[in-house]
Chemist: 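Have a look at this one before I ask anything.
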Amino acid sequence: MSAITVTLPDGSPLELPEGASGADAAAAIGPRLAKDALGVKVDGELRDLAAPLPDGAAIAIVTPTSEGDDADDALWLIRHDAAHVMATAVVELWPGTKVSIGPPIADGFYYDFDFPDGERPSEADLERIEAAMRTHIEADEPFERSELPVGEAVERFRDAGEPYKVELIEDLERDQGAETVSLYRNGPFTDLCRGPHSPSTSRIGAFKLNSIAGAYWRGDESRQMLTRIYGTAFHRQADLDRHLEQLERARENDHRRLGPELDLFRFREESPGMPFWLPQGTVLLELIEREVREQLGKRGYREIRTPEVLDEELWHRSGHWDNYRENMYFVEASQREGDQRRFALKPMNCPGACLVFGSERHSYRDLPLRLAEFGKVFRYEREGVLHGLLRVRAFTQDDAHVYCTLEQVPAEVDSICSAIDELYARFGFDEVQVELSTRPEKSVGTDEQWERAEQGLREALERQGREYEVSPGEGTFYGPKIDFHVTDALGRSWQLGTCQLDFQMPERFELAYQGEDNAEHRPVMIHRALLGSMERFAGILIEHHGGRFPAWLAPTQAAILPVSDPHVGYARAVAARLGAAGVRNRVDERAESVGRKIRDAELAKVPLMLVLGEREEADGTVSVRSHADGDLGAMDPDRVPELLEAGRPE
Ligand SMILES: [Zn+2]
Ligand SMILES: [Zn+2]
């Protein structure tokens, strides 16, 4: 019998009989591995354990204890398994249900179903589906792959009353020239599926169904609305429990719930995706802006403001027309004056900044010229992708454009990195992850420019002794960039700041400065944002703190609570005194019991509650109750500012 040789992850060769599968390889290595194996990576591609291995392949057996990419693959396999098992259970419980697609996703899996008329499960049914799934998991039903000619497969699913599957197969044939398709059977259920799967249903360690939502077939709003059931699976119950706990915290901290609850902002149907900021939220935005402005002042930036509405022609010149038109809002001037010009709302601030730079003559002595703008931009996002403050249609960038020479780039990047460190630390994000993205396949500019630009960014990062990841080919088409990410209290990573080099836009806007040699030169342009979107950052902060802002950042720092009407006068006097000392406060003058007032202030997550009645008024004190630490006793109101400052980071 002839043999094949495969290479194991440690580089050692393994000889196997011809036709041997991943399962055979695992068995040859050891019985434990054979038992744990979920799938096999063949030259980096995840496959079924049962598939024969090609001679000379590099293989890795994927198990629940795999690490790195293989760990992701192991989860992917059992989540894919779980999606099929969920479909098995659903079809069993609701006969006549048509199935469509059911992929694994980042945190779990889903499956989209078309339920028979008038029948649609509710969240209350999830437990019933889970119970049916458990039966199939305990039965340890193998996943069996088979291949079928396209014609036969179409016939089979048509007979089974599965029009979605028929459409998928017909598309595969038309778009990819597929002649055969693969099916996977587990127990009573057979699905059209590319695979791979683990050997059997019992490999799904621990699973949970999370929610039900609507989803259009193929994401197309003109097509059938299907019912999507989401779930997740892990190898171990403990991992699932931790994940569910985190989901619960994420739900509690969800800014979309906390925003209206804490009177920060609201969304209204009249303007989808554009938040209405209430007084409390507006204060929060101003406090964030104040921190950004401190960095601007320290680092030689000057602020500008440019119009929101600009002639359409400008967007042709900037290149946005070609690349970005679908995401832009257009406005027509009033016809009253017979004005035929067409205008657009700005989706970016850069062209405005370039017009500012270009309206004056500049010498090399002006460089670097750093123009900052809290610029409101408008982007037409599809309604389906809007997500609270995290994905909106109008937001304010803490934007800046630095015009400089290529030689000046490292020092500028240096300063931007330091600004980011200081700013993020201020908001409680101490660990910043940095990602350098280099030249993409489609790009403008010369090799030399790119090389020097990338070198400039690297130099700046290395000079700071900073660790960074490189994402090859992920830069913008006009230049390389550095992105800055933070991790929040729930362990989620957010990209905030960015720093991008650009040779293209100065070219398009014919920007120039007079050099030492008296000749005209093109400046380089750095686009940079520290927080990105002010609104999105506010949303992230709300979730990071669960709405319990540190005292210095709380829109209302102290709630002044008179125990009864006669003390309102004293309460107002204390309020005025604290206001003069810069403490953001409000007096609760309602005719409610003090217990009720305290409860409401607690719900509003106000850091300090100052209760005052007869004794306090007589002594000229306030009784302080802290949201975080409980009762702090009676004290002179003048001590309140220092209590609030205590938690403020340097
Ligand atoms: Zn599948
Ligand atoms: Zn820009």
Chemist: Quick one: is the NZ or CZ of R439 closer than 6.0 Å to the six-membered ring centre of F477, and within 45° of its axis?
Modeler: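 No.
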Chemist: Report yes or no: does H80 contribute a side-chain atom to a donor-acceptor pair with the main-chain N or O of P196 at less than 3.5 Å?
Modeler: yes
Chemist: Can you tell me how far CE of M86 sits from CZ of F189, rounded to the nearest 0.5 angstrom?
Modeler: 10.0 Å
Chemist: With distance as the sole test, does Q500 use its side chain to make a donor-acceptor pair with the main-chain N or O of G479 at under 3.5 Å?
Modeler: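 Not a single qualifying donor-acceptor pair exists.
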Chemist: Side-chain contact, heavy-atom cut-off 4.5 Å: R458 with V470?
Modeler: yes
Chemist: Do the ring planes of F429 and H544 sit parallel (below 30°), tilted (30 to 60°) or perpendicular (above 60°)?
Modeler: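 Ring orientation of F429 relative to H544: tilted.
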Chemist: Using side-chain contact (heavy atoms from CB on, under 4.5 Å), reason through D191 and Y111 one step at a time and then give a plain yes or no.
Modeler: CA-CA 12 Å; D191 205 353; Y111 209 113; 2.7 Å; yes
Chemist: Are the side chains of F537 and L389 in contact, using a 4.5 Å heavy-atom criterion?
Modeler: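 Side-chain contact under 4.5 Å: no.
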Chemist: Any donor and acceptor pair, going by atom type alone, linking the side chain of R79 with main-chain N or O of A106 inside 3.5 Å?
Modeler: yes
Chemist: Taking the six-membered ring for Trp, are F113 and F115 ring centroids under 6.0 Å apart?
Modeler: yes
Chemist: Flag yes if more than 12 heavy atoms outside Q433 fall under 6.0 Å of its CD atom; otherwise flag no.
Modeler: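 Yes, enclosed.
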Chemist: Are more than 12 heavy atoms, taken from residues, nucleotides or ligands other than E451, located less than 6.0 Å from that residue's CD atom?
Modeler: no
Chemist: Specify the closest pair of heavy atoms between F143 and S198, including all atoms of both residues, with the distance to one decimal.
Modeler: CD1-O, 3.4 Å
Chemist: Keeping the roles fixed (side chain from E144, backbone from R185), state whether a donor-acceptor pair exists under 3.5 Å.
Modeler: no
Chemist: When rounded to the nearest 0.5 angstrom, what distance separates CD1 in I540 from CG in N253?
Modeler: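 I540 atom CD1 to N253 atom CG measures 13.0 Å (nearest 0.5 Å).
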Chemist: Do Y478 and H527 have their ring centres less than 6.0 Å from each other?
Modeler: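 Yes; H527 has its ring centre under 6.0 Å from that of Y478.
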Chemist: Go through it in stages, so that I can follow the logic: the residues are R156 and D159, the test is salt bridge (Lys or Arg N to Asp or Glu O under 4.0 Å), and I'd like the CA-CA distance, side-chain angles, deciding distance and then a yes or no.
Modeler: CA-CA 5 Å; R156 185 198 158 118; D159 290 348; over 6 Å; no
Chemist: Between R242 and D239, is the closest basic N to carboxylate O distance under 4.0 Å?
Modeler: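 Between R242 and D239 there is a salt bridge, with a charged N closer than 4.0 Å to a carboxylate O.
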Chemist: Can you confirm whether more than 12 heavy atoms, excluding those of E127, are under 6.0 Å from its CD atom?
Modeler: no
Chemist: Using the side chain to side chain contact (heavy atoms under 4.5 Å, CB included) rule, pick out the option among T498, L436, V434, L496 that qualifies with D483.
Modeler: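 So the option named by the test is T498.
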Chemist: Walk me through it: do R249 and E245 pass the test salt bridge (Lys or Arg N to Asp or Glu O under 4.0 Å)?
Modeler: CA-CA 6 Å; R249 269 187 77 196; E245 227 168 80; over 6 Å; no
Chemist: If we check side chain to side chain contact (heavy atoms under 4.5 Å, CB included) with I229, which of these qualifies: N210, D125, V90?
Modeler: V90
Chemist: Main chain of A50, side chain of D48: is a donor-acceptor contact present, judged purely on distance under 3.5 Å?
Modeler: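 No, the answer is negative, given that no donor and acceptor are paired below the 3.5 Å cut-off.
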Chemist: Mind listing the closest non-hydrogen atom pair of G22 and I61 along with its distance?
Modeler: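 That would be O-CD1, 3.6 Å.
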Chemist: Compare every heavy atom of Q449 with every heavy atom of F503, then report the nearest pair and how far apart it is.
Modeler: CZ-O, 3.4 Å
Chemist: Could you tell me which non-hydrogen atom of A60 sits nearest to which non-hydrogen atom of D70, and how far apart they are?
Modeler: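 Residues A60 and D70, closest heavy atoms: CB-OD2, 4.0 Å.
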Chemist: Which of parallel (below 30°), tilted (30 to 60°) and perpendicular (above 60°) describes H387 and H255?
Modeler: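 Because their plane-to-plane angle lies in the 30° to 60° range, the rings of H387 and H255 count as tilted.
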Chemist: More than 12 heavy atoms of other residues, nucleotides or ligands under 6.0 Å from CZ of R382: yes or no?
Modeler: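 Atom CZ in R382 is not packed in, count stays at 12 or less.
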Chemist: Hey, what do you get for NE2 (H136) to OG (S200), rounding to the nearest 0.5 Å?
Modeler: 14.0 Å
Chemist: Just how far is it from atom CZ of F157 to atom OG1 of T190, taken to the nearest 0.5 Å?
Modeler: 7.0 Å
Chemist: Just verifying a value: how many Å separate R536 CZ and L390 CG, rounded to the nearest 0.5 Å?
Modeler: 6.5 Å
Chemist: Using a 6.0 Å cut-off, check whether atom CD of E170 has over 12 heavy atoms from anything other than its own residue.
Modeler: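 Counting other residues, nucleotides and ligands, CD of E170 exceeds 12 neighbours.
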Chemist: Would a distance-only check, ignoring hydrogens and angles, find a side-chain to backbone donor-acceptor pair under 3.5 Å from E130 to A132?
Modeler: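 Judged by distance alone, no pair lies under 3.5 Å.
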Chemist: Got a salt bridge between E412 and R528, using NZ or NE/NH1/NH2 to carboxylate O under 4.0 Å?
Modeler: no
Chemist: Taking R251 first and then E248, would you say they form a salt bridge - that is, a charged N and a carboxylate O separated by under 4.0 Å?
Modeler: yes
Chemist: Which residue pairs pass the salt bridge (charged side-chain N to carboxylate O under 4.0 Å, His left out) test when at least one of the two sits in residues 99-124, sequence neighbours left out?
Modeler: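 For residues 99-124: D112-R228.
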Chemist: So do E141 and P188 actually touch side chain to side chain, heavy atoms under 4.5 Å?
Modeler: yes
Chemist: Consider only side-chain N and O atoms of T201 and N186, and report whether a donor and an acceptor are under 3.5 Å apart.
Modeler: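 Distance-only check fails for T201 and N186.
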Chemist: Closest heavy-atom contact between P13 and T5?
Modeler: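 Closest approach of P13 to T5: CB-CG2, 3.8 Å.
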Chemist: F207 vs I78, test: side-chain contact (heavy atoms from CB on, under 4.5 Å). Steps then yes/no.
Modeler: CA-CA 9 Å; F207 74 97; I78 63 163; over 6 Å; no
Chemist: Does the ring centre of F484 sit less than 6.0 Å away from the ring centre of Y424?
Modeler: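 Between Y424 and F484, the centre distance exceeds or equals 6.0 Å.
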Chemist: Count the heavy atoms of every other residue, nucleotide or ligand shown that sit under 6.0 Å from CD of E469, and state whether that count exceeds 12.
Modeler: no
Chemist: One thing to verify: whether D73 and K41 come together as a salt bridge, which I'm taking to mean a side-chain N less than 4.0 angstrom from a carboxylate O.
Modeler: yes
Chemist: Is the CZ atom of R32 crowded by more than 12 outside heavy atoms at less than 6.0 Å?
Modeler: no
Chemist: For the pair D254 and R256, find out whether any cationic side-chain nitrogen is under 4.0 Å from an anionic carboxylate oxygen.
Modeler: yes
Chemist: Do side-chain atoms of E543 reach the backbone of A250 as a donor and acceptor pair under 3.5 angstrom?
Modeler: no
Chemist: Looking only at the side chains, is there a donor atom on one of S21 and D24 sitting less than 3.5 Å from an acceptor on the other?
Modeler: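 On atom types as modelled, these side chains qualify, holding a pair under 3.5 Å.
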Chemist: Should we say atom CZ of R223 is surrounded by more than 12 heavy atoms from elsewhere, each under 6.0 Å from it?
Modeler: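 Yes - once you tally the heavy atoms of other residues, nucleotides and ligands closer than 6.0 Å, there are more than 12.
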Chemist: Between K208 (side chain only) and A233 (backbone N and O only), is there a donor and an acceptor less than 3.5 Å apart?
Modeler: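 Not confirmed, K208 side chain does not pair with A233 backbone.
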Chemist: Any Lys/Arg nitrogen of E138 or R134 sitting under 4.0 Å from an Asp/Glu carboxylate oxygen of the other?
Modeler: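 Looking at R134 together with E138, the answer is no, because their closest N to O distance does not fall below 4.0 Å.
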Chemist: What do the steps show when you test L77 against R203 for side-chain contact (heavy atoms from CB on, under 4.5 Å), and what is the final call?
Modeler: CA-CA 9 Å; L77 278 169; R203 308 306 176 101; over 6 Å; no
Chemist: Which atom pair, heavy atoms only, marks the closest approach of V150 to I169?
Modeler: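 Looking at all heavy atoms of both residues, the shortest contact is CG1-CG2, 3.9 Å.
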Chemist: Measuring from atom CZ of R466 to atom CD1 of I482, what distance do you get when rounded to the nearest 0.5 angstrom?
Modeler: 8.5 Å
Chemist: When you measure from the side chain of T438 to the backbone N and O of G473, does any donor-acceptor pair fall under 3.5 Å?
Modeler: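 At least one qualifying donor-acceptor pair exists.
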Chemist: I'd like to know if the side chain of D43 and the backbone of A58 have a donor-acceptor N/O pair within less than 3.5 Å.
Modeler: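 Yes.
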Chemist: Please step through side-chain contact (heavy atoms from CB on, under 4.5 Å) for the pair F427 and V486, ending with a clear verdict.
Modeler: CA-CA 11 Å; F427 289 108; V486 296; over 6 Å; no
